[in-house]
Amino acid sequence: MSLDISEIVPYNFSVVEPRWQEFWEKNQSFRSIFDSSRPKCYVLEMFMYPSGKVHIGHVRNYTIGDIIARFKRACGYAVLHPVGWDAFGLPAENAALKSKSHPKEWTYKNIEVMRKQIKSLGFSYDWTRDFATCDPKYYEFQQKLFLAMYQKGLIYRKNSEVNWDPIDNCVLANEQVVDGRGWRSGAIVERRMLSQWFIKITDYAEELLAELNNLDGWPEKVRTMQENWIGKSEGCSIKFRINDEAHITVFTTRPETIFGATFLAISPDHPLAQELASSDEKIKKFIDDHRKGSVSTEFMEKQEKFGLATGIFVHHPFLDKKLPVFIANFVLMDYGTGAIFATPAHDERDYEFAVKYNLPILDVIRPDEDASDKRLPYVGSGVVINSDFLNGLSISIARKVAIDKLCAIGVGERKKFYKLRDWGVSRQRYWGCPIPMIHCEKCGIVPLKNEDLPVLLPDDVTFDRPGNPLEHHASWKRVKCPCCGGSATRETDTLDTFVDSSWYFLRFCVNDPKNSDLLSFDDIQQWMPVDQYIGGVEHAILHLLYARFFTKALADCGFIKIREPFKNLFTQGMVCSVTYQKKNGEWLSPSEVVRNQGGIWEVAATGERVLVGRVEKMSKSKKNVVDPDTIIKDYGTDALRLFVVSDTPAEKDFPWSYEGLEGCWRFNNRLWRLFVFAQSRGVCAAECAREINLESLKSNVRDVYKAFHLTIKNVTYSLDERGMNRAVAYVRDCVNSLYSCLDDIEKNKPVFSVIIRDLIKLLSPMVPHICEEVWNRLGFENLVSDHPWPSYDEKFLQKSSITLPVQVNGKLRGIVEVSIDDPDNVVFQKALMVDNVKNVIGSAKIKKQIFVKGKIINFVV
RNA sequence: GCCUCUGUGGCGGAACUGGUAGACGCGACAGACUCAAAAUCUGUUGUUCGUAAGAACGUGCUGGUUCGAUUCCGGCCAGGGGCACCA
């Protein structure tokens with residue numbers, strides 16, 4: 001019976017982990033059930049693209065989410081924690097081309113593989129809600145939402161310029177153009193005018209911007225990025241008269257500098273420039289050169305300014321003076337009005353242009369006295385000068401006065417502009433959600449009726465020639481017009497996959513989303529918003545902005561009430577790892593290198609010296625990736641889960657190391673030995689029922705018991721703040737202290753039974769398998785996953801005597817034991833008795849003595 | 001260039017609203033166990049001086065506020081991220 005702790009059989013994770021995974025699955029232990037008597041908590045990790053393999057970044061992301069879900073569940077919340085697949089997209093088609101498989105087959109096969117991998121990580125998902133965006137039911141609803149938004153006037157079709165890959169015959173997203181070439185074909189990308197579907201996200205620019213202020217559960221960084229992306233600027237438009245019939249409208253945020261205007265500049269894409277080009281060869285050439293040049297990268301980097309005088313002049317609104325109009329390459333057509341008035345003295349671009357083309361520069365702002373650099377172009381604060389009725393006014397007042405006056409004389413208008421553009425959602429691709437629209441020669445564009453949905457993707461497509469297979473399909477696109485009954489064709493473009501991910505979190509709220517015929521927005525109302533959303537910061541703008549927009553648009557279409565989808569957002573960092581390189585630059589995997597006795601890294605096979613690179617993002621090409629499957633096989637899921645959340649705060653980049661992983665594996669074994677040992681000394685569920693008489697305990701045991709209450713507090717507090725790394729540190733510390741009193745367990749079974757019961761509970765979000773196993777072995781009922789979170793008693797956190805630091809002149813000179821109810825003068829007396837304090841003070845006179853209760857004593861001499 | 005975040009041991013990182021800087025982990029060193037090794041358990045580990053008690057220095061640099069600053073304020077330096085002709 002006297003089992004020594006070193007004799008305990010090691011923890012066999014390879015048996016224990018699958019056992020509990022099967023148990024949870026069979027019993028649907030994590031089924032989400034809404035319960036109005038409890039607070040709800042919707043925990044969601046950004047769903048996965050089924051690329052074929054789970055990588056370590058996924059593991060970190062989903063472990064963070066799982067810890068939060070398990071913690072919230074234990075704290076009494078009704079938790080929704082679903083999982084799904086962002087399954088449409090380009091890679092499936094590329095794989096189809098390469099391996100002659102079908103995108104559908106490729107995708108579902110990958111999902112199956114990855115689902116198995118995810119299940120081996122023991123996440124507490126409600127698997128009954130699992131679906132993929134390529135499931136017909138899902139995209140059927142997406143088509144319905146699309147039509148509803150169309151009816152609401154939020155979707156339109158327009159000609160626009162796109163990145164066109166001439167080899168693949170398809171549109172590329174901006175991110176898919178690398179150095180002016182298609183990322184796959186390598187062909188130089190062309191700009192092409194194409195008729196595309198757009199969603200009016202710009203209608204929501206103001207709300208998307210304004211509500212950022214209320215998203216206090218979001219990282220400041222993400223909010224700022226969205227704010228910059230939306231890019232609001234307020235100012236006014238001004239009409240500059242050419243003659244009685246014609247004028248040019250410019251946009252400015254600095255109308256107070258109007259008296260400093262010396263010329264106008266319009267974009268090469270401005271309608272007036274286009275018009276002039278038809279009758280002027282020089283202008284035509286300038287515009288053509290600009291078109292060609294603007295795609296080349298060296299041009300983008302240099303950003304050299306070019307311009308051409310048009311020969312046109314406009315009237316200054318306040319002065320009897322004419323300003324020349326230039327066509328200038330630095331003026332963008334898709335911002336503002338595509339035309340500006342230039343004030344070279346107070347704008348860097350205008351200044352550069354004026355200097356190059358020898359145009360006048362009129363100074364109209366006198367810099368503040370304390371301005372660090374008063375040279376032109378001056379863009380700082382100051383007082384307006386040389387400006388008639390604006391003279392002597394500060395910039396902000398002059399701005400108001402100038403706008404008022406411009407409005408009063410009928411040439412100005414207050415305006416807001418945004419950088420945000422409407423969202424082009426057409427993709428010339430097969431593997432995406434079909435757009436439910438018909439092109440009819442007679443009736444034009446006709447939306448399908450809801451009862452004609454879904455528009456299913458045909459399975460019988462071929463990828464033997466470039467372009468969109470839907471376009472080449474023999475029969476799919478031929479339909480009867482829902483309007484006139486005549487022959488018509490379907491829209492063959494499919495939707496951008498960002499549309500799929502803009503509302504999937506709503507679909508999870510419905511029971512059995514894979515098959516459900518219900519949109520069931522009551523369910524959505526119950527669960528939404530997502531209380532904790534977790535994902536990589538790389539989605540800070542696109543996905544998170546689109547999802548916010550979709551939520552607002554669907555609210556306006558009457559589907560839902562909430563207007564913001566994600567209450568709290570957590571952005572985790574990347575998983576990084578060291579890199580190894582041979583002298584010739586060839587990358588090496590960790591298994592190919594070895595550390596010799598001198599501590600120098602060399603190639604295991606040859607002994608050649610290895611360069612150890614910096615810790616950077618895991619990538620296949622640098623051979624510094626680690627495969628979760630292998631880790632799970634060698635160390636167990638719990639070790640991996642524990643490791644990815646320990647040591648480094650979850651929002652920061654995580655430096656992978658096998659030493660650290662082994663430390664977690666050792667910890668799990670240490671836990672196991674502790675629990676098995678405790679059990680052998682009589683710790684069990686039944687002992688928890690016995691009363692504990694604190695006073696009768698040995699002082700070290702009493703201290704451990706009290707300290708454990710602090711552990712509960714610290715772990716709870718840390719998990720609330722999403723400080724997983726701190727929670728892990730506190731439980732490790734607690735385990736260490738339990739190891740220091742192993743000999744006391746047998747005589748204090750009730751105390752240690754309670755501590756161990758609650759310790760298992762504290763550990764269970766991080767390492768659920770080992771906890772479930774021990775819970776069961778110690779005779780506790782049900783699952784540890786179903787057991788409520790332990791509470792702590794404040795009264796145990798207070799100590800009757802405290803150790804206080806004693807400072808002299810702010811320097812630590814000693815520590816003193818005082819009683820909690822010692823009066824101040826007694827505390828000072830005791831502090832002055834400390835040898836070292838006595839020595840340092842010597843005969844000096846104490847000028848001041850400070851005592852902050854429970855914190856510190858300080859003597860000033 | 002503009003916006004933004006971050007600077008703490010050999011490394012990852014702790015430190016509640018200003019109050020014992022370095023919790024916890026990794027690495028390193030030592031002891032116990034062992035014929036030995038591994039594993040395990042127990043220690044030590046910011047730097048310098050000192051046999052020790054202890055002292056001096058120490059949270060990127062530099063000023064300030066304070067009895068007391070990693071924490072608050074000013075100036076600078078370095079690194080990461082985002083945006084980039086947005087009028």
Side-chain angles (χ1 to χ4, degrees), chain A residues 4-8 10 219-229 231-233 235 250-254 257 265 300 303-305 328-332 334-343 347-350 352-353 417-420 537-538 540-541 599 615 642-643 646-649 651-664 666-667 669-670 673 713-714 717-718 721 723 725-736 739-740 742 803-815 835-836 839-840 847-852 854-861:
Chain A
D4 189 279
I5 195 150
S6 62
E7 294 166 3
I8 293 167
E220 191 63 46
K221 182 169 74 169
V222 175
R223 287 194 280 167
T224 320
M225 280 165 75
Q226 291 212 353
E227 195 183 317
N228 293 340
W229 188 263
K232 178 180 177 175
S233 44
V250 306
F251 173 68
T252 182
T253 54
R254 302 205 56 193
T257 62
M300 307 281 273
Q303 299 192 340
E304 199 182 338
K305 290 174 181 51
N329 68 337
F330 70 93
V331 181
L332 306 173
D334 47 12
Y335 188 76
T337 58
I340 59 161
F341 77 75
T343 314
D347 182 283
E348 277 163 27
R349 296 151 300 175
D350 298 352
E352 198 187 314
F353 192 85
F417 277 101
Y418 301 89
K419 284 202 267 179
L420 187 70
V537 74
E538 66 273 18
I541 294 171
V615 175
L642 183 64
F643 181 48
S646 65
D647 301 336
T648 302
E651 65 275 17
K652 294 184 56 166
D653 285 352
F654 179 85
W656 177 268
S657 80
Y658 282 91
E659 290 84 359
L661 173 68
E662 268 173 37
C664 291
R666 274 200 297 270
F667 175 78
N669 285 314
R670 202 164 140 84
R673 281 192 299 274
K713 184 183 179 177
N714 286 338
Y717 186 79
S718 301
E721 307 266 293
N725 59 319
R726 278 177 291 146
V728 171
Y730 289 126
V731 293
R732 278 168 173 166
D733 195 23
C734 173
V735 169
N736 290 346
Y739 261 78
S740 69
L742 292 177
T803 317
L804 281 181
V806 185
Q807 297 183 336
V808 179
N809 289 338
K811 279 197 186 220
L812 181 71
R813 295 300 173 175
I815 49 167
D835 280 349
N836 200 35
N839 293 342
V840 171
K847 288 186 201 143
K848 196 173 173 184
Q849 44 189 14
I850 293 146
F851 172 43
V852 183
K855 299 267 183 186
I856 205 156
I857 300 158
N858 191 9
F859 294 106
V860 186
V861 295

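All values below come from the heavy atoms of this structure, side chains included, with hydrogens, waters and symmetry mates left out.
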| message | Quick test of your reading of the model: are A:Asp334 and A:Lys419 salt-bridged, counting only N-O distances below 4.0 Å? | response |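 So A:Asp334 does not pair with A:Lys419 through a salt bridge.
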| message | Taking the nucleotide of RNA chain B with the nearest heavy atom to each, does A:Asp350 or A:Trp229 sit closer to the 5' end? | response |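 Checking each residue's closest nucleotide, the 5'-ward one belongs to A:Trp229.
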| A:Ser740 or A:Lys848, whichever maps to the more 5' nucleotide of RNA chain B |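 Mapping each residue to its closest nucleotide by heavy atoms, the 5'-most match is A:Ser740.
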With a 4.5 Å cut-off on side-chain heavy atoms, are [Y] and [X] touching?
X	Y	answer
A:Arg732	A:Cys664	yes
A:Phe341	A:Asp350	no
A:Ile856	A:Gln807	yes

Name the nucleic acid region contacted by [X], choosing base, sugar-phosphate or nothing; use a 4.0 angstrom heavy-atom cut-off, strictly under.
X	answer
A:Gly231	nothing
A:Lys221	nothing
A:Arg813	sugar-phosphate
A:Val331	base
A:Ser657	nothing
A:Asn836	sugar-phosphate

| message | Does A:Lys221 have more than 12 heavy atoms from other residues, nucleotides or ligands lying within 6.0 Å of its NZ? | response |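 Count not over threshold, so no.
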When the [atom1] atoms of [N] and [M] are considered, how many whole Å apart are they?
N	M	atom1	value
B:rG60	B:rA55	C1'	26 Å
B:rG22	B:rU8	C1'	8 Å
B:rC2	B:rC85	C1'	12 Å
B:rU71	B:rU65	C1'	14 Å
B:rC83	B:rG18	C1'	37 Å
B:rA56	B:rA69	P	15 Å
B:rG9	B:rG25	C1'	14 Å
B:rG63	B:rG58	P	12 Å

To the nearest Å, give me how far apart [atom1] ([X]) and [atom2] ([N]) are.
X	N	atom1	atom2	result
A:Tyr739	B:rG43	OH	C1'	17 Å
A:Asn228	B:rA84	CG	C1'	11 Å
A:Tyr335	B:rC83	OH	C1'	14 Å
A:Glu659	B:rC26	CD	C1'	7 Å
A:Lys305	B:rG1	NZ	C1'	11 Å
A:Gln226	B:rC83	CD	P	12 Å
A:Met225	B:rA84	CE	P	11 Å
A:Ile541	B:rA84	CD1	P	8 Å

Sort out the partner of [N] for me: Watson-Crick or G-U wobble, both distances under 3.5 Å, none otherwise.
N	result
B:rG22	none
B:rA28	B:rU44
B:rU34	none
B:rG50	none
B:rG79	B:rC5
B:rG74	B:rU62
B:rA69	none
B:rA15	none

| said: Below 30° counts as parallel, above 60° as perpendicular, anything between as tilted: where do the rings of A:Phe251 and A:Tyr335 land? | reply: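 Correct class here is perpendicular.
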| request: Name the orientation of the base relative to the sugar in B:rG50: syn if the glycosidic angle is within 90° of 0, else anti. | output: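 Glycosidic conformation of B:rG50: anti.
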| request: Check every atom of B:rG54, B:rG27, B:rU40 against the side chain of A:Arg673 and return the nucleotide holding the closest atom. | output: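 Among B:rG54, B:rG27, B:rU40, the one nearest the side chain of A:Arg673 is B:rU40.
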| Closest heavy-atom pair and its distance - A:Val860, A:Asn809 |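 In this case the closest contact between A:Val860 and A:Asn809 is CA-OD1, 3.4 Å.
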| message | So, does A:Lys811 get its side chain near the phosphate of B:rC57, meaning an N or O under 4.0 Å from OP1 or OP2? | response |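 Yes, A:Lys811 has a side-chain N/O under 4.0 Å of OP1/OP2 on B:rC57.
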| message | Side-chain N or O of A:Arg223 versus OP1/OP2 of B:rG82: is the shortest distance under 4.0 Å? | response |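 No.
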| request: For A:Asn736 and A:Arg670, test the side chains for any donor-to-acceptor distance below 3.5 angstrom and give the result as yes or no. | output: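 Yes - a donor-acceptor pair under 3.5 Å links their side chains.
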| Cationic tip of A:Lys305 within the cone over A:Phe353's six-membered ring, i.e. under 6.0 Å and within 45° of the normal? |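 Because its charged atom misses either the 6.0 Å distance or the 45° angle limit, A:Lys305 does not stack over A:Phe353.
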| query | What about A:Phe654 and A:Phe643, are their ring centers closer than 6.0 Å? | reply |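 Yes - the distance between ring centres of A:Phe654 and A:Phe643 falls below the 6.0 Å cut-off.
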| field | Sequence-aligned protein contact record of nucleotides 10-24 of chain B, with B where the base is within under 4.0 Å of a protein heavy atom and S where only the sugar-phosphate is | value | --BSSSB--BB--BS
